[in-house]
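Heavy-atom basis, side chains included; hydrogens, waters and symmetry copies ignored. Counting begins at 1 with the first residue of the sequence.
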Amino acid sequence: MASSPKVKRTTKPRDGAQNLLRSQKDAYARLLNQHQNGKFRSYLQELAKQQVEESMSTSVSRSVNVVSRRKKGNSESSYSVDSLSSQQSRQMADASICLYTDKTSYQVTCTEDQGIMELHKATAPKKVPSKLQHKRNEKDIKMSSNLVGSEEGDSQQLSCSCGEEQAKNKSKKKRLKGNLAKKDEAECGPEVDLIIAGKSPNKNIKSPQTQASKESLPQNNKDKGTKGGRGSRKQLFEQYMCTEDVSAGLERGELLKGVLRINPKKYMEAFVPSPDGSADIFLDGIAARNRALNGDVVVVKVLPPEQWKAPDVIVEAHYNEDDEVIGKMKNVSLHDKGNELLLQHDFLYFYVVFIFEQKHSRAASGFLKFLPNKNFAMFSPVDHRIPRVNLPLADCPADFVSRPGDYENTLFICRITHWPADNNFAEGRLAKTLGQAGEIEPETEGIMTEYDVDFSEFSEEVLNCLPQDLPWSIPAHELSRRRDLRKECVFTIDPATARDLDDALSCKQLSDGNFEVGVHIADVSYFVEEGSVLDQIAGKRATSVYLVQKVIPMLPRLLCEELCSLNPLTDRLTFSVIWKLSPEGKILSEWFGRTVICSCIKMSYDHAQSMIEAPDKHFSAEELPPCSPNHRIHEIQEAILDLHNIAKQLRAQRFEGGALQLNQLKLSFTLDKESSMPQGCYVYQYQDSNKLVEEFMLLANMAAAHQIYRTFPELAILRRHPPPQSKMVDDLQEFCDQMGLDIDFNSSGGLHRSLNENLGKDEYAAARREVLTHMCSRAMQMASYFCTGALKDENSFHHYALNVPLYTHFTSPIRRYVDVIVHLLLFTLYLNFVIYLSIEEVHKLASHCNDRKTASKRVQELSSELFFAVFVKECGPLDSEAMVVGVLDQSFDVLVLRYGVQKRIYCNSLEGLKAVHFRKVGKRPEMTLVWEQGDPSKESTQQEISIFTLLDVQLKADGAPMKYSAVLKRPSAFV
């Protein structure tokens, strides 16, 4: 989840009402000018000199294309603040600098062969002078910010973007004309205008001379900005660097590559993880993102120092003493260490120079807006992180122009095809009409489309890969090759509504007092032949997607709900790991192999929990699901109790060994059987029966990880979890110290113990634990799959939360494709088959599975949010206690304890609130709410808000579809 930036952003006041803010900013500006005449200015110039050293040294080797263009009398010039004198730099930092480029002479260095974008690394990159970068003034950035994500002034803003803006800026351009120097000859000739990522994993980015596809190469008149003959368009975004410069910059450590995360609550803020994991790189504003969307793999570069927001830095640097400011700024540097950049300060300002891979689907759900006197319509995405899109009127419904009001509440899908560098608005095509906003199915389809979830029916070609002779039974020759466990007491424990049962358990006590414990996993690889069409579609989907009302399966339902599912009283093929365990959970022996089982009963977590809670009770057949006549209920109950006792030992050993568990509240729903509308909701309770199953699945996954890594040290696909970001952990440690909380952040085990032992024993201790868990989760990095051959340092294989050296996923092949590959590796291990996977193939597969798992998780969250919004609308308003989890200057976030949801409460929406006073004591944010009294003769009353404060809130539906808000209930003492 996106972390809060470490920079206090100071925006320019829009009117005279904010005199205090303006005076403060003027003070900061005066202070900055003082430093610019002293050591501070010298340091900035030295840092700028270091950053452009190579560009200046190679400026004499201009490209032939650049020279030829200039000989033709190119009237449009490009300027770099770096190439100007310090005086000119200061002038340009206060002006609106426009970048004008002759795009017709550029070639696009990208390919749209439906492939993952990769740079050439086989040959040494050509040294090409780096492209000059430019700054837009604060007003231009603010204009760009207002256009994306704002609901106001669409027609007027679009009009400006289409040419009317030139008239407004004509006088400004004249003023700038005298300050602009000639175009620097170090410009890189081949430029990337738009990067279109495809889907074939085997294609690299072609050389700069490669012809781009029609979709990725905009028409010349678009890029030249000559719509309607109105002349040149102001360029709002930087041109992308050419591939040679990107490759060379990454090799030298001057550029960074990472996944872009855009804050969903504050879309102006974006982040890229730093290579060393110590902190997030902050990208401030839409211009800095340079047309990249959430999830894209981007290459970023630090802005020249003269483009940093110096007043913001001074605020954070405690501007009392000159030396203190200089001391803070001296840490702002980039150090080359191999191919990594070590970030030494929070306040480096970065911007995107290249989109390495487009991970975002470029699809969005939203609404159409009619624009009078235009031959196009505007599409406004629901997700404000996505730009507004101009699309042809021909794509719109036939009567949209004559009756636009009829479509105000209609949800559409739009796909972005192009985003010009000279326009705040992207261009796209309307893909589909979903239906009425606010209805569950249209909203759900919109969510799945945005996150590129394949919810189409499986094709005939795929279904032909399945067994055709039904009912299917296990062939005799296959039975002869497997260990037969059909007479053993094997059972499943799953959610009551589960249909894809991919794991079963068994346990029996041996004569020596030890136990034989088995974990039996559905043998999906038997049905999914490697390289088949079925294998390809499963690999593409990579995971099942669990929505509130349905599942989008990875495999056809015949497999995931029948032939592979470990349904009771039916022979099923499995891959098993069987241990001999002591009563204390010590592993005495281990066996892996292919088996056949017959589950004797399908139990829910509640059934197993009832047996754990009443160990002496004799359960009748009526209290349980249908059971095999070959196994008595008492035998099943004994097995569950033995597993529970061993699981407690394993769990205690795990946490004593340093494991960490950050369980966050999960909302569950009861649905109407006919309409699938939510009838009720509750916070899911994690019980001992859940922990029982979890412990043995973890044990099996760890055992599988060791097996495949031992046998395939270069091809094993494992799961790693890096430690949390050190800067965020340090901040959190400081906050907890100021709050008087004894929380140990030195290790995963220390954090787990302190979260469970040091937060008190009162009725709200669990709520405080949830709040801290939420705060700790923000500092955590994502766990991810990887190929061992692609990650050479074995120390980086470590899983932080589990605190184990090797881990993988083996236990859910019906719903996770990684597990199918792990089964394949184990299969070749025991049957001595040859495996034909390469390191590159496994690496790309791991990366793809990471992407799909992340998307699936987000879709599941959005589905839950959707259903809860419907529930609030149908059954609200809803009252609950809440605990504050975060405080901002004009709002605060709360955890609604009854429903486990987090919402932001905006102070300007609170009736009877007279004033808000925000302050920060170290890392601890606090707020004072001043309430008006019902009796005017009485003085106003104050209410203190800080993290862990208990409040009464009310959830109620908003006017917009699928929206609800949390409102602070005014304390009765203040009424």
| request: Decide yes or no for Glu865 and Leu862: does some side-chain heavy atom of the first lie under 4.5 Å from some side-chain heavy atom of the second? | output: yes

| query | If you round to the nearest 0.5 Å, how far is CD1 of Ile947 from CZ of Phe892? | reply | 12.5 Å

| said: For a 4.5 angstrom cut-off between non-hydrogen side-chain atoms, does His360 reach Ile386? | reply: yes

| task | Kindly state whether the ring of Tyr899 and the ring of Phe868 have centres lying under 6.0 angstrom apart. | result | yes

| message | Testing the basics here: between Pro678 and Phe669, what is the closest heavy-atom pair and its distance to 0.1 Å? | response | CB-CD2, 4.2 Å

| query | Is there a side-chain contact between Leu913 and Cys907, using heavy atoms and a 4.5 Å cut-off? | reply | yes

| request: Step through the shown structure and confirm whether more than 12 heavy atoms of other residues, nucleotides or ligands are within 6.0 Å of CD on Glu944. | output: yes

| Do Ser880 side-chain atoms and Val896 backbone N/O form a donor-acceptor pair below 3.5 Å? | no

| field | Distance (rounded to the nearest 0.5 Å) between Lys969 NZ and Asp879 CG | value | 3.5 Å

| query | Are the side chain of Ser748 and the backbone of Ala801 linked by a donor-acceptor contact shorter than 3.5 Å? | reply | no

| said: With a 4.0 Å cut-off on N to O distance, would you call Asp762 and Arg768 a salt bridge? | reply: yes

| task | Give a yes or no on whether Arg769 atom CZ has more than 12 heavy-atom contacts from other residues, nucleotides or ligands under 6.0 Å away. | result | yes

| Distance from Leu411 atom CG to Phe367 atom CZ, nearest 0.5 Å? | 5.0 Å

| field | Any Glu881 side-chain heavy atom under 4.5 Å of Leu951 side chain | value | no

| message | When you measure from the centre of the six-membered ring of Tyr964, is the NZ or CZ of Lys903 closer than 6.0 Å and no more than 45° off the axis? | response | yes

| request: Say whether Gln781 and Tyr800, considering side chains only, have a donor N or O and an acceptor N or O under 3.5 Å apart. | output: no

| request: Could you walk me through whether Leu950 and Leu897 pass side chain to side chain contact (heavy atoms under 4.5 Å, CB included), step by step? | output: CA-CA 10 Å; Leu950 269 175; Leu897 300 181; 4.1 Å; yes

| task | Give, for atom OG1 of Thr773 and atom CG of Asn663, the distance between the pair rounded to the nearest 0.5 Å. | result | 8.0 Å

| At what distance, to the nearest 0.5 angstrom, does SG of Cys681 lie from CG of Leu667? | 5.0 Å

| query | With the threshold set at 4.0 Å, does a side-chain nitrogen-carboxylate oxygen contact exist between Asp893 and Arg904? | reply | yes

| said: Less than 4.5 Å apart, side chain to side chain, heavy atoms only: is that true for Phe948 and Met883? | reply: yes

| Would you say Asn758's side chain and Asp742's backbone share a donor-acceptor pair under 3.5 angstrom? | yes

| Distance (rounded to the nearest 0.5 Å) between Leu741 CG and Phe735 CZ | 7.0 Å

| message | Could you check whether any side-chain N or O of Gln685 sits under 3.5 Å from a backbone N or O of Val683, counting only pairs where one atom can act as donor and the other as acceptor? | response | yes

| Member of Ile743, Leu662, Leu751 meeting the side chain to side chain contact (heavy atoms under 4.5 Å, CB included) criterion with Leu772 | Ile743

| Considering only heavy atoms from C-beta outward, does the side chain of Leu293 approach that of Pro387 to under 4.5 Å? | yes

| said: Between Lys369 and Arg388, does the side chain to side chain contact (heavy atoms under 4.5 Å, CB included) criterion hold? Intermediate values first, please. | reply: CA-CA 10 Å; Lys369 289 199 172 185; Arg388 303 207 161 185; 4.1 Å; yes

| task | Looking only at non-hydrogen atoms, find the nearest pair between Val885 and Gln902 and report the distance. | result | CG2-OE1, 4.1 Å

| request: Could you pull out the closest heavy-atom pair between Arg261 and Pro273, with the gap in Å? | output: NH1-CD, 4.2 Å

| query | Where do Ser946 and Glu926 come nearest, in terms of heavy atoms and distance? | reply | CB-CG, 4.1 Å

| task | May I ask you to test the Ile286-Tyr267 pair for a side-chain heavy-atom distance under 4.5 Å? | result | yes

| request: Determine whether more than 12 heavy atoms belonging to other residues, nucleotides or ligands lie under 6.0 Å from atom NZ of Lys265. | output: yes

| said: Any donor-acceptor pair under 3.5 Å linking the side-chain atoms of Ser965 with those of Asp958? | reply: yes

| query | Would you call Asn290 and Leu283 a side-chain contact if the rule is heavy atoms closer than 4.5 Å? | reply | no

| message | Run the side chain to side chain contact (heavy atoms under 4.5 Å, CB included) test on Leu895 and His774 for me, step by step, so that the C-alpha distance in whole Å, both residues' side-chain angles and the decisive distance to 0.1 Å come before the verdict. | response | CA-CA 9 Å; Leu895 173 67; His774 165 73; over 6 Å; no

| task | Can you see which heavy atom on Met739 is nearest to which on Arg924, and at what distance? | result | SD-NE, 3.2 Å

| message | Under a 3.5 Å distance rule, please check whether Asp296 uses its side chain to pair with a backbone N or O of Lys359 as donor and acceptor. | response | yes

| request: Measure from the side-chain N and O atoms of Thr949 to the backbone N and O of Val884, and report whether any donor-acceptor pair falls under 3.5 Å. | output: no

| said: Using only atom types and a distance under 3.5 Å, with no angle test, would you say the side chain of Glu443 pairs donor to acceptor with the backbone of Gly438? | reply: yes

| said: Testing the basics here: between Asp952 and Leu968, what is the closest heavy-atom pair and its distance to 0.1 Å? | reply: O-CD1, 3.5 Å

| request: Check the pair Met775, Cys736 against side chain to side chain contact (heavy atoms under 4.5 Å, CB included), reporting the backbone distance first and the verdict last. | output: CA-CA 11 Å; Met775 298 172 71; Cys736 290; over 6 Å; no

